[in-house]
Structure formats: C-alpha cells, structure tokens
Novice: 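I have a structure I would like to understand better, so I am pasting it below and will then ask my questions one at a time.
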Amino acid sequence: MTAIEASAPRGSGYRPDIDGLRAVSVTAVLLHHLGATWMPGGFIGVDVFFVISGFLITGIIARESDEGRFSYLTFYERRIRRIYPALLLVLIVTAALAWLLFVPLELRYFGRSLSWTPLFASNFVFMGQTGYFDPDGATKPLLHTWSLGVEEQYYIVFPLLLLGAARFSIDRVKLVGGLVVLSFLASVVSGVLGYADAYFLLPMRLWELGAGALLALRPLDGASERVRSGLGVVGLGLIVVSLFRIDDSMAFPGWVAAGPVIGATLVLASGVGPAARLLATAPFTFIGRISYPMYLWHWPLIVFTQVYFFHPVTPVEGAVIAVATVLLSWGTLVWLETPIRSRGVLARRGRLFATAGVVSLAVVAAGIVTFNTKNLGRWTTPEQVAIAAVQKEGVAIGELCPGVDEGIAGERAPCVIGATGDPATPISFAILGDSHSRATAGAIADVAREAGRKGLYLGKGGCPPLVGIDQTVGNDLRCAAHVKAALAEIAAQPDVTDVIIVARWAWTVTGHDYGRSPARLHAIRSNGRTLGEAERWAVLESSLEATLDALAGRRVHLMASTPEVKFDVPNVVANAMRLGRPIPLGPTRAEHTARQTTSRALLEQAVKGRAWVELIDPTDTFCDAERCTVLTPEGPLYMDSDHVSRLGAKRLAPLFAAMLARPATASSAGASATGVGVTSRP
C-alpha cells in the first residue's frame with residue numbers, strides 16, 4: 001500500500017489529484033480503524049491504494065521498457081528508497097513498544113509477524129490466524145502490513161511479465177487484462193465459498209493492482225476533456241458510495257470491491273474537472289504526501305493505546321492518535337524519507353542496499369529470537385505469565401476429541417464424552433452450541449463421567465444452534481448444514497434423553513460485540529439471504545423454536561449467556577499487574593442484565609409453552625448482587641472477553657449435575673416432556 005512516486009505514467013508529469021486520492025484512501029482507513037461506524041466501508045481505502053500503485057508503477061516500468069532503459073537494479077533501488085526507511089523505523093519503534101507493553105505470549109506472536117514483515121510476507125502470517133475484521137486483530141500491531149506483502153509480491157512478478165511480453169511479442173494489454181479477469185473471478189469465487197484468507201492473498205488482489213496497470217498501458221488519451229471530467233466525478237462518487245454502503249459483513253474483496261476499484265480507476269483516468277480540482281487542493285495533497293507513513297504509524301498507535309488503557313479507543317483518544325499520526329508522518333517524510341529518496345543520505349546504491357539489508361536482517365533476527373524465547377520480558381513474574389497463558393490454554397474438549405471443530409456433524413468423527421470406559425454404556429445426552437459450548441463441554445464431560453453418563457458433543461465454533469441459520473466468521477462455517485446434521489444424529493440415538501444447549505446468545509441475537517469498537521452488525525443468513533437488523537429477532541426466534549421442536553420428547557436444558565467482559569481478561573489482568581496498575585473489574589450485574597435483555601427475552605419467548613425445555617440462568621455462578629467476577633485466586637474465569645476458561649467452565653458444570661444424575665431412561669424423558677415447564681436455575 002504505497003502508491004509510489006506521485007507522477008502520472010508515461011511522462012505526463014506530477015498530478016496533485018493523485019496525492020489527493022491517496023489522502024481519501026488513508027483517511028478512510030484511519031477513520032475505519034478508529035471506529036467510525038458511520039462510515040463502515042473505510043477499509044476500501046486499501047483497494048484504492050492498490051489501484052493507484054498499479055497505475056503509477058506500471059507507467060514507470062512501461063515507459064522505461066519502451067525506451068530501452070529499464071533496469072531491475074534501478075527499479076528495486078527506487079522501491080527500497082521509498083518503502084524501507086519509514087517501514088524499518090516503524091518496525092523498530094513498534095518492537096520497542098511491544099517489549100514494554102506486551103505480556104510474553106503476546107510478545108512471542110508479535111515476534112513472528114515482526115520477522116516476516118521486512119521480507120514482505122506478513123500476509124501469510126496473518127492468514128489463518130484471524131480475520132482482518134475480527135476483534136483479535138486489535139492486538140496485532142503489524143496486522144496492517146499484510147498489504148505491503150501483497151504489493152511487493154506483485155512487483156516481484158509483474159516486471160518479469162511485462163518484459164517477457166515485450167521479448168516474446170505478446171500484447172501487454174491482453175496479458176494483463178487476462179490476469180485481471182482471472183484474478184477477479186478467483187476473488188468472486190472465494191467470496192462465494194467463504195474463503196476468508198482470500199483477503200490476504202495476491203491472487204485474489206492482483207486484479208485491483210492490475211486495473212491501475214491496464215489504465216497505465218492503455219490511457220484514455222482520445223477522450224475529450226468533458227468526458228474525462230465526468231469520469232472523475234463518477235469515479236469519486238463510486239468511492240464515496242462504497243465508503244458508506246460496503247461493510248465488513250460482505251464477502252471481500254469479491255465483486256463488492258469492484259465499486260472502489262472502478263471508482264479509483266476512473267479518477268486516475270480523468271485528471272481534470274471538479275473531482276481532480278477538489279483532490280488537488282492543499283489539504284488533500286498534504287495528507288496525500290504523508291499517506292504512506294500515516295498508514296504505517298496509525299495502526300500501532302491504536303493497538304498500543306488499547307493495550308495501555310485496557311479499553312477500545314475513545315473519541316478523545318482517537319483524536320489524539322489522529323494528530324500524532326499526522327505529526328509522526330510529517331516528521332518521517334521530512335527527516336527520513338525525503339533525504340533518502342533525494343539521495344542526500346545513502347546516495348550510493350551499494351551503501352543503500354547494504355544498510356537496508358543489515359537493518360532488515362537485524363529486525364528479522366529480533367523477531368525470530370522473540371518468537372522462539374518463552375517468557376521473554378524481564379518485568380513479568382511467573383504468576384503474570386500463568387495468567388496471560390490462560391488465553392492460549394485451549395479448551396478441554398479439544399483434548400478429548402482432537403479436530404472436533406473441523407468439518408460438520410455427520411462428516412467428522414463422533415466426539416463421545418463422559419463415561420466412555422464401558423462400550424455397553426449407552427449415549428444418553430448431547431451438547432449443542434457454538435464456541436461457548438466448546439468452552440464448557442470438557443467440564444460437563446467430567447461431571448457426566450462421575451454420574452456414569454455417556455454423551456455426544458455436537459457443537460461447532462461460530463455456529464449458533466439454530467435451524468436454517470448460517471453465519472460466516474472468517475470462512476463459511478456451513479452452520480445450517482451442521483445443525484441439521486447434529487439434530488439428525490440426536491434423532492438417531494434413541495437413548496439420548498437430555499440435550500444441553502450452550503451459546504453466546506447476546507452476540508447472535510443483537511449482532512453486536514460487547515464493549516468493542518466499532519460495534520458493527522455481525523451478519524447472519526437465513527436461506528442464503530443476509531438478515532437485516534429489523535427482521536433478525538423474528539427469524540432467530542423461529543429458528544430457535546424449530547431447534548427446540550426437533551428435540552421434543554427429550555429433556556432440553558437451554559443455558560442463557562454467561563456474562564461478557566469488555567476486555568481480554570488474561571492479557572489485561574496480567575498487564576495491569578505487570579505495570580502496577582489497578583486490575584479492571586468485570587461488568588456490574590446491572591450491565592450484564594442490560595447486555596442480555598434482548599437475547600433473554602427471545603429465549604423466554606421461544607421456550608414458552610414447550611414443557612420439555614428448561615431455561616438455565618448462569619448469572620449467579622459468576623455475579624454477586626453488585627458485580628460479576630472475572631478473576632479468582634485460582635486464576636481467570638475467562639480465556640478472552642466472553643469464552644470461559646477451564647476454571648470458569650468448572651464453575652458452570654455443576655449447573656448440569658442434577659440433570660446428569662437423573663436416570664437416563666426413555667420414560668424419564670417422556671415424563672419430562674410433559675412436566676418440566678419453563679424454569680430458571682440460578
């Protein structure tokens with residue numbers, strides 16, 4: 001994401017409107033990361049940057065190739081002078097802040113991203129770890145460098161393609177156009193298939209850089225000024241509309257990214273008219289000139305602010321970060337980037353390459369050492385290390401049934417828990433739910449073992465136990481198919497008398513994270529259609545009722561949500577202890593009740609009139625009359641901000657002890673179906 005030298009292709013001179021377009025892009029990304037929910041599509045600024053970069057760099061390569069003076073050494077020297085100075089400075093400062101503020105486990109994972117960023121491969125590190133929009137990304141200060149990886153990977157391959165086309169008399173426009181079409185199709189198919197890692201990969205992003213490249217190779221020289229002026233207005237309008245109409249619930253990049261990509265291409269093709277004049281004004285061009293260091297500085301500042309203050313960035317903090325980002329970026333441009341790019345410093349190519357190589361290798365080595373050194377950080381006590389490690393302790397069900405979250409019910413190996421020692425013991429209970437069921441299943445299995453009960457774990461992370469509902473958390477999870485298969489497995493087990501349902505109901509029903517910024521709506525789908533916020537309640541209630549009706553004739557134990565916390569408990573508690581600051585408290589009971597109001601009402605409505613269902617309330621397990629507990633002398637009760645830790649799961653398990661102690665007989669289940677009613681267990 002650099003959009004290099006501010007010059008139009010094919011020698012047409014400096015275009016201030018391109019700097020203005022950079023300003024729009026970086027400002028959109030900054031506001032998005034600061035939580036501007038009123039502009040949900042701010043992340044498309046990256047896509048606009050890709051188009052700009054493809055346009056400018058292809059123009060340089062094509063012009064020099066046509067003139068017979070293209071040199072790989074010269075090309076990559078320009079890249080190094082433009083990319084590395086600010087990047088290495090930000091990496092060094094970020095590493096120092098991570099050393100000061102991160103607990104050992106966070107520091108180790110930071111080390112891995114640090115080692116790969118100077119090699120422009122951090123996009124491979126972040127793919128598969130977490131989605132770009134997931135809350136966990138807020139603790140990764142180098143997450144934004146994925147785009148640098150994509151861009152530089154492109155410029156390793158692209159000059160070879162253009163020069164190869166010239167050598168073998170291949171039409172460059174047709175070659176690049178074909179690659180753009182193939183890449184766009186791959187991007188669209190990835191979105192349809194729910195392949196979230198496509199966000200980080202060059203094959204699904206190449207078409208965005210290629211769109212700018214096509215314009216550089218085939219500019220609109222024959223178009224009248226009036227036409228080009230109109231194209232600029234339309235293009236800028238497309239970008240603005242995309243900022244407000246696109247959100248992170250949509251498969252991206254995919255076809256949705258066509259709006260900002262086409263918009264940016266039209267603005268670049270224009271260069272005249274009201275859009276160009278607006279973008280060429282001083283405020284736009286100033287931000288455009290510092291857009292690259294702004295992109296580098298802003299995200300680490302946001303991450304470390306959240307780490308230090310233990311909460312998402314507030315509007316006041318966001319304003320301070322924005323000002324600090326501009327000041328740091330201006331200083332980086334004036335005192336570091338400009339001297340090196342103008343050859344006032346490191347004028348000789350050999351010295352430049354050697355310096356960049358040595359500093360880069362030092363950063364890579366520091367990252368490798370950091371990642372491979374356990375408990376790094378001289379300010380941390382064993383107690384703090386143990387608390388922070390709870391975040392990565394894993395769930396017990398993962399040890400009982402390795403790979404339990406891979407695939408869906410009916411396709412994966414059955415996960416049998418509880419009293420598994422005697423093959424003659426029938427399977428008499430089942431657990432349904434999302435990742436909250438995963439967090440509690442191991443402790444429930446321990447209680448079942450003591451009661452002599454054998455059960456099936458049929459939960460799946462990210463999938464609420466709702467008939468017909470699909471949800472994409474990263475990749476497509478095939479939730480509707482999973483729930484259908486899970487209910488079929490229960491139906492095929494005649495001895496199953498009890499079904500436990502555990503889920504994060506508040507998140508599913510409201511669509512919003514708790515205490516996170518920005519609080520965007522998490523999209524869910526019913527019959528392939530994304531639900532709007534207004535219709536969400538009715539559809540989810542109907543889906544839950546369908547789940548409960550499918551289990552009629554068995555005892556169903558539906559647990560309401562456990563209290564959610566506004567911070568990552570293990571890391572924040574350990575960091576507070578390490579920094580000598582007060583340990584943040586959990587939510588008050590009133591806050592917990594308010595958070596659960598909507599989902600609790602839906603649960604109560606769904607179980608009404610269904611006598612085989614009891615509604616279990618876990619509030620008293622975690623909360624006294626005033627406040628909910630997140631930390632005990634034995635350790636944290638949460639592994640993050642909402643999933644209970646193994647210790648927290650042990651607190652919940654006794655809620656199901658009486659149920660598991662009952663005889664597992666068909667007659668008892670039948671009696672329950674007519675006599676349990678809607679109950680609440682404290």
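What you see below is based on every heavy atom in this structure, not just the backbone, and it leaves out hydrogens, waters and symmetry mates. None of these values were measured; they are calculated from a predicted model.
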Novice: Suppose we call two aromatic rings close when their centres sit under 6.0 Å apart. Are Phe43 and Phe252 close by that rule?
Specialist: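 Yes - the distance between ring centres of Phe43 and Phe252 falls below the 6.0 Å cut-off.
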Novice: Please report the C-alpha distance between Arg78 and Ile60 in whole Å, then the side-chain angles of each, then the deciding distance to 0.1 Å, and finally whether the side-chain contact (heavy atoms from CB on, under 4.5 Å) criterion is met.
Specialist: CA-CA 11 Å; Arg78 283 197 299 260; Ile60 293 171; 3.0 Å; yes
Novice: Output yes when a side-chain donor or acceptor of Thr370 lies under 3.5 Å from a complementary backbone atom of Arg108, and no otherwise.
Specialist: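 No, the answer is negative, given that no donor and acceptor are paired below the 3.5 Å cut-off.
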Novice: Strictly distance-based, threshold 3.5 Å: is any side-chain N or O of Thr314 a donor or acceptor partner for the main-chain N or O of Glu317?
Specialist: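 Answer holds: yes.
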Novice: When rounded to the nearest 0.5 angstrom, what distance separates CG in Asp642 from CH2 in Trp507?
Specialist: 9.0 Å
Novice: If you measure from NE2 on His298 to OG1 on Thr325, what distance do you get to the nearest 0.5 Å?
Specialist: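 Going from the NE2 atom of His298 to the OG1 atom of Thr325 covers 7.5 Å.
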Novice: At what distance, to the nearest 0.5 angstrom, does OG of Ser122 lie from CZ of Phe200?
Specialist: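 Output value for this atom pair is 9.0 Å.
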Novice: Between His144 and Pro300, is any pair of side-chain heavy atoms under 4.5 Å apart?
Specialist: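 The answer is yes; the side chains approach within 4.5 Å.
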Novice: Do the side chain of Trp116 and the main chain of Gly367 share a donor and acceptor less than 3.5 angstrom apart?
Specialist: no
Novice: How close do Gly254 and Trp207 get, heavy atom to heavy atom, and via which atoms?
Specialist: O-CZ2, 3.7 Å
Novice: Check whether any side-chain heavy atom of Tyr109 lies under 4.5 Å from a side-chain heavy atom of Lys392, and answer yes or no.
Specialist: yes
Novice: Find out whether the Lys NZ or Arg CZ of Arg581 is both under 6.0 angstrom from the six-membered ring centre of Tyr308 and within 45° of the ring's axis.
Specialist: yes
Novice: When you compare the side chain of Tyr292 with that of Thr332, does any pair of heavy atoms fall below 4.5 Å?
Specialist: no
Novice: Work out which heavy atom in Val363 is nearest to a heavy atom in Pro118; give both atom names and the distance.
Specialist: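 Closest approach of Val363 to Pro118: CG1-CG, 3.6 Å.
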Novice: Is there a donor in the side chain of Tyr295 and an acceptor in the side chain of Ser147, or the other way round, less than 3.5 Å apart?
Specialist: yes
Novice: Between Ser183 (side chain) and Val180 (backbone), is there a donor-acceptor pair under 3.5 Å?
Specialist: no
Novice: Would you find a donor on one side and an acceptor on the other, under 3.5 Å apart, between the side chain of Asp470 and the backbone of Cys479?
Specialist: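 Yes, Asp470 side chain to Cys479 backbone: donor-acceptor pair under 3.5 Å.
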Novice: Val334 and Pro339: which non-hydrogen atoms are nearest, and at how many Å?
Specialist: O-CD, 3.3 Å
Novice: Check for a donor-acceptor pair, side chain of Ser641 on one end and backbone N or O of Phe567 on the other, with a separation under 3.5 Å.
Specialist: no
Novice: Residues two or more places apart in sequence or in another chain: which of them pass side-chain contact (heavy atoms from CB on, under 4.5 Å) with Arg277?
Specialist: Pro274
Novice: Any heavy-atom pair between the side chains of Leu328 and Leu301 that's under 4.5 Å?
Specialist: yes
Novice: Is the side chain of Ser270 donor-acceptor paired with the backbone N or O of Val267 at a distance under 3.5 Å, no angle test?
Specialist: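 No.
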Novice: Decide side-chain contact (heavy atoms from CB on, under 4.5 Å) for Thr117 and Val125; before the verdict, give the C-alpha distance in whole Å, the side-chain angles of both, and the deciding distance to 0.1 Å.
Specialist: CA-CA 9 Å; Thr117 299; Val125 174; over 6 Å; no
Novice: May I ask you to establish whether Arg79 and Tyr84 are in a cation-pi arrangement, using a distance under 6.0 Å from NZ or CZ to the six-membered ring centre and at most 45° from the ring axis?
Specialist: no
Novice: If you round to the nearest 0.5 Å, how far is CD1 of Ile321 from CD of Gln306?
Specialist: 7.5 Å
Novice: Nearest heavy-atom pair of Ile80 and Pro85: which atoms, and what distance?
Specialist: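 Looking at all heavy atoms of both residues, the shortest contact is O-CD, 3.1 Å.
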Novice: Run the side-chain contact (heavy atoms from CB on, under 4.5 Å) check on Arg82 and Glu337 step by step: do they pass?
Specialist: CA-CA 7 Å; Arg82 175 61 167 133; Glu337 290 188 288; 3.0 Å; yes
Novice: Could you tell me which non-hydrogen atom of Leu243 sits nearest to which non-hydrogen atom of Gly42, and how far apart they are?
Specialist: CD2-CA, 3.9 Å
Novice: For residues Leu142 and Leu91, determine if any side-chain heavy atom of one lies less than 4.5 Å from a side-chain heavy atom of the other.
Specialist: yes
Novice: If you compare all heavy atoms of Glu106 against all heavy atoms of Asn571, which two are closest, and at what distance to 0.1 Å?
Specialist: OE2-ND2, 2.9 Å
Novice: Applying side-chain contact (heavy atoms from CB on, under 4.5 Å), name anything that partners Leu231, two or more places apart in sequence or on another chain.
Specialist: Leu220, Val227, Leu266
Novice: To the nearest 0.5 Å, tell me how far Asp17 CG sits from Phe284 CZ.
Specialist: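 Nearest 0.5 Å value for the CG-CZ distance: 11.5 Å.
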Novice: Who passes side chain to side chain donor-acceptor pair (under 3.5 Å) against Arg289, sequence neighbours left out?
Specialist: none
Novice: Below 4.5 Å, heavy atoms only, C-beta onward: do Leu31 and Trp38 meet side chain to side chain?
Specialist: yes
Novice: Is there a side-chain contact between Leu162 and Val176, using heavy atoms and a 4.5 Å cut-off?
Specialist: yes
Novice: Would a distance-only check, ignoring hydrogens and angles, find a side-chain to backbone donor-acceptor pair under 3.5 Å from Ser342 to Thr338?
Specialist: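 Yes; at least one donor-acceptor contact below 3.5 Å.
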Novice: Under 3.5 Å, is there a donor-acceptor pair between the side chain of Gln153 and the main chain of Gly149?
Specialist: yes
Novice: So which of Phe158, Phe50, Phe55, Phe49 actually passes side-chain contact (heavy atoms from CB on, under 4.5 Å) with Leu209?
Specialist: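 Testing Leu209 for a side-chain contact (heavy atoms from CB on, under 4.5 Å) against Phe158, Phe50, Phe55, Phe49 leaves exactly one candidate, Phe50.
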Novice: Could you measure the distance from the CE atom of Met294 to the OG1 atom of Thr27? Nearest 0.5 Å is fine.
Specialist: 5.5 Å
Novice: Within the distance-only criterion (no hydrogens, no angle test), does the side chain of Arg536 pair as donor or acceptor with the backbone N or O of Thr508 below 3.5 angstrom?
Specialist: yes
Novice: Go through Arg22 and Val48 one step at a time and tell me if the side-chain contact (heavy atoms from CB on, under 4.5 Å) criterion holds.
Specialist: CA-CA 8 Å; Arg22 287 195 188 102; Val48 174; over 6 Å; no
Novice: Does a side-chain heavy-atom distance below 4.5 Å link Leu278 with Leu236?
Specialist: yes
